[in-house]
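Every chain is numbered from 1, with letters handed out A, B, ... down the list of sequences. Just so it is clear, the values below take in all heavy atoms, side chains as well, and ignore hydrogens, waters and symmetry mates.
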Amino acid sequence: WLGLEWDEGVGKGGPHGSYRQSDRLDHYADLARGLVDSGHAYYDDRSAAELDELRNRAQQEGKHPGHYIRRPDVERTEGVIRVSIPNDGPVEFTDLIRGHLSFAPADIDDFVILRSNGVPTYHLASTVDDVEYEVTHVARGEDILPSTPKHILLTRALEATEPVYAHLPLLFGTDGKKLSKRHGATALSEYRDAGFLADAMFNYLAILGWAPDGETTIFDRDRAVAEFDLVDVSRNPAAFDPDKLAWMNGEYIRSMDESVFADMVRPIVESELGRPLDAGEWDTFRSVAPLVQERTKLLPEAGTQVVFLFDDFDTYDAESWDKVMTKDGVAQVLDAGLEAVEAVDPWSVETVEAALRAIPERLGIGAGKTFQPLRVAVTGSSVSPPLFESIAALGRERTLERLRRASAELATQS
RNA sequence: GGUCCCGUCGUCCAGAGGCCUAGGACGCCGGCCUUUCAAGCCGGAAACGCCGGUUCGAAUCCGGUCGGGACUGCCA
């Protein structure tokens with residue numbers, strides 16, 4: 001959806017055979033056993049209780065939990081396979097984003113690479129894949145920064161050269177909690193379904209942790225691709241701000257070509273209506289679409305703004321009615337509107353406007369007092385697209401019906 | 001508890017010793033425009049966590065401190 005393409009992998013193929021880890025289970029297991037043979041790893045069949053005890057002891061002594069979980073004196077021949085951490089100096093590497101990093105061997109666990117059921121852990125599978133697929137740069141979340149020394153050690157044990165790492169800052173929700181597929185996740189598809197544009201989503205995501213310069217907020221994919229560099233990525237975590245995303249989406253909607261916008265909104269209107277638009281209705285819609293385009297942030301809003309043109313609304317918006325239609329003089333305004341609309345000739349935005357603009361003068365009241373009741377009568381709400389255009393698009397007969405309906409409604413209430 | 005990462009407006013991003021009385025964006029507040037809602041335009045409030053040090057000069061370098069976060073499993 002976002003137009004992010006990969007060069008090789010599942011569904012795309014490539015020179016490295018299957019890219020599906022489930023197809024390679026035996027291979028990972030073979031490599032794990034090979035690491036035992038070469039002395040980099042060992043079998044461990046100690047019980048969970050035994051390991052817990054070692055962890056507790058380490059914690060009580062102010063050491064990290066894995067401190068005492070090391071290669072047992074007596075060699076085992078079954079159980080999980082662990083990598084034993086070599087005690088020959090710190091593991092150092094330069095992260096593209098964070099700079100030089102160093103981890104002491106004592107702080108790195110003897111970690112499991114093959115479970116007792118023969119299934120590899122993430123550490124093994126992903127490291128082996130990176131090596132065998134000849135991955136040069138690993139860009140991933142900062143949450144696995146602590147695992148990176150393990151992956152480097154594994155890579156060296158596999159007699160390969162480690163890739164360049166870049167650990168990106170995490171994304172937080174507005175609640176300040178980490179955003180991930182396991183916690184507080186909102187699927188990307190939900191944003192698409194909510195009416196966000198892929199280009200806006202792409203731009204917003206890009207701005208989280210990076211900017212082309214100090215001034216620019218809106219930029220397209222080409223510019224991002226041309227100017228983005230991992231070393232420029234921010235080191236601090238970013239909070240996902242739905243308001244800014246919505247604003248940005250509005251910016252993209254407004255910059256769309258009118259006809260593209262109309263085409264995109266059509267299915268939304270039709271689903272709102274529960275039926276397809278006929279040719280005449282489509283023309284009507286296209287005539288008002290630019291007006292709607294200016295005032296929508298999310299695509300579905302465009303649909304709700306415009307349905308009154310095609311189907312009669314069931315009820316008036318209660319708040320609008322109370323605010324506008326319960327005032328004195330509304331009945332006269334509706335009558336005047338009826339009269340004016342009947343007399344419009346020929347029918348156009350300009351003639352409708354001229355006819356209605358004459359009303360406030362004639363009745364000696366303000367423009368707002370005239371147009372708001374008409375708006376509620378015609379559209380069902382005090383919030384709508386511009387009035388004259390709306391009436392022109394609605395047509396004379398339907399406008400007259402709506403005005404009569406509002407008068408009747410008013411009579412009922414008094 | 002331990003290891004590591006991070007610390008500029010409420011939020012996102014600029015700022016890589018003097019150009020900073022700290023800039024842009026969202027949001028917020030006020031105004032203009034206006035028949036509504038938007039959009040647009042103008043203006044405003046709003047931050048270098050704190051303490052030391054280096055330096056003629058620090059948001060930028062160093063140390064400490066405080067605060068936030070991640071990790072700490074036969075999860076990934």
Participant: Does anything in residues 56-79 of chain A pair up under salt bridge (charged side-chain N to carboxylate O under 4.0 Å, His left out), and if so which pairs, sequence neighbours excluded?
Facilitator: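 Every pair satisfying salt bridge (charged side-chain N to carboxylate O under 4.0 Å, His left out) with a residue in residues 56-79 of chain A: A:Asp45-A:Arg76, A:Glu61-A:Lys63, A:Arg70-A:Asp110.
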
Participant: For A:Glu409 and A:Tyr316, which heavy atoms make the closest approach, and how far apart are they?
Facilitator: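 Minimum heavy-atom separation between A:Glu409 and A:Tyr316: CG-CE1, 4.0 Å.
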
Participant: At a heavy-atom distance below 4.0 Å, what parts of residues 257-269 of chain A sit against RNA chain B?
Facilitator: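 Listed by number, there are none.
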
Participant: Return a single string for nucleotides 4-20 of chain B, one symbol per nucleotide in 5' to 3' order, where B is base contact, S is sugar-phosphate-only contact and - is none, cutoff 4.0 angstrom on heavy atoms.
Facilitator: SBSSS--SBSS------

Participant: Holding to salt bridge (Lys or Arg N to Asp or Glu O under 4.0 Å), I want the full list of residues that pass it with A:Asp335, two or more places apart in sequence or in another chain.
Facilitator: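 Salt bridge (Lys or Arg N to Asp or Glu O under 4.0 Å) list for A:Asp335, sorted by chain: empty.
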
Participant: Using purine N1 to pyrimidine N3 plus N6-O4 or O6-N4 for Watson-Crick, or N1-O2 and O6-N3 for G-U wobble, both under 3.5 Å, which nucleotide pairs with B:G23?
Facilitator: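 Check on B:G23: paired to B:C13, both distances under 3.5 Å.
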
Participant: Name the pairing partner of B:U3, where a pair is Watson-Crick or G-U wobble with both distances under 3.5 Å, or state none.
Facilitator: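 Because both required distances fall under 3.5 Å, B:U3 counts as paired with B:A70.
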
Participant: Can you list, in residue-number order, the parts of residues 286-312 of chain A that come under 4.0 Å of RNA chain B, counting heavy atoms only?
Facilitator: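 Under 4.0 Å from RNA chain B: A:Glu294, A:Arg295, A:Lys297.
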
Participant: Near RNA chain B, which residues from residues 70-92 of chain A have a heavy atom under 4.0 Å away?
Facilitator: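 Heavy-atom cutoff 4.0 Å gives A:Val80, A:Arg82.
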
Participant: Taking ring-ring contact (aromatic ring centres under 6.0 Å, His included) as the definition, give me every residue that meets it alongside A:His67, ordered by chain and number, with sequence neighbours left out.
Facilitator: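 Testing A:His67 for ring-ring contact (aromatic ring centres under 6.0 Å, His included), a comparison that skips the adjacent residues, returns none.
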
Participant: Is there a side-chain polar atom (N or O) of A:Arg254 under 4.0 Å from OP1 or OP2 of B:G40?
Facilitator: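 Checking A:Arg254 against B:G40: at least one side-chain N or O falls below 4.0 Å of OP1 or OP2.
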
Participant: For residues 364-373 of chain A, dump all side-chain donor-acceptor pairs below 3.5 Å to protein atoms at least two apart in sequence or in another chain.
Facilitator:
unit_1   : atom_1 : unit_2   : atom_2 : d
A:Thr370 : OG1    : A:Gly366 : O      : 3.0
A:Gln372 : OE1    : A:Arg375 : NE     : 2.8

Participant: Going by number, which of residues 321-337 of chain A have a non-hydrogen atom under 4.0 Å from RNA chain B?
Facilitator: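 The answer is none.
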
Participant: Please list every donor-acceptor pair under 3.5 Å in which a side-chain atom of residues 288-296 of chain A meets a protein atom from a residue at least two apart or in another chain.
Facilitator:
unit_1   : atom_1 : unit_2   : atom_2 : d
A:Gln293 : NE2    : A:Ile253 : O      : 2.8
A:Gln293 : NE2    : A:Met256 : O      : 2.9
A:Arg295 : NE     : A:Leu291 : O      : 2.8

Participant: Identify every side-chain donor-acceptor pair in residues 233-240 of chain A under 3.5 Å, counting partners at least two apart or on other chains, and give the distances.
Facilitator:
unit_1   : atom_1 : unit_2   : atom_2 : d
A:Ser234 : OG     : A:Asn236 : N      : 3.2
A:Ser234 : OG     : A:Asn236 : OD1    : 3.1

Participant: In Å, rounded to the nearest 0.5 Å, how long is the span from OG1 of A:Thr216 to CD of A:Glu227?
Facilitator: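 Between atom OG1 of A:Thr216 and atom CD of A:Glu227 there are 8.0 Å.
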
Participant: Salt bridge check, A:Glu270 against A:Arg266: does any charged N sit closer than 4.0 Å to a carboxylate O?
Facilitator: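 The answer is yes: the pair qualifies as a salt bridge.
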
Participant: Check every atom of B:C74, B:G27, B:G40 against the side chain of A:Arg55 and return the nucleotide holding the closest atom.
Facilitator: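 Selected nucleotide: B:C74.
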
Participant: Quick one: label A:Thr121 by what it contacts on the DNA or RNA (base, sugar-phosphate, nothing), any heavy atom closer than 4.0 Å.
Facilitator: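 It contacts sugar-phosphate atoms only.
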
Participant: So does A:Arg24 pair up with A:Asp129, basic N to acidic O under 4.0 Å?
Facilitator: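 Yes.
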
Participant: Within a radius of less than 6.0 Å around CG of A:Asp213, do more than 12 heavy atoms belonging to other residues, nucleotides or ligands occur?
Facilitator: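 Yes - once you tally the heavy atoms of other residues, nucleotides and ligands closer than 6.0 Å, there are more than 12.
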
Participant: Return all side-chain donor-acceptor pairs below 3.5 angstrom for residues 348-361 of chain A, not counting sequence neighbours, or 'none' if the list is empty.
Facilitator:
unit_1   : atom_1 : unit_2   : atom_2 : d
A:Ser348 : OG     : A:Glu350 : N      : 3.3
A:Ser348 : OG     : A:Glu350 : OE1    : 3.4
A:Ser348 : OG     : A:Thr351 : N      : 3.1
A:Ser348 : OG     : A:Thr351 : OG1    : 3.0
A:Thr351 : OG1    : A:Pro346 : O      : 2.6
A:Thr351 : OG1    : A:Ser348 : N      : 2.9
A:Thr351 : OG1    : A:Ser348 : O      : 3.0
A:Glu353 : OE2    : A:Arg357 : NE     : 2.8
A:Glu353 : OE2    : A:Arg357 : NH2    : 3.0

Participant: Quiz question: going by heavy-atom distance under 3.5 Å, is there a donor-acceptor pair between the base of B:C74 and the side chain of A:Ser116?
Facilitator: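 In this structure, the two groups form a donor-acceptor pair.
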
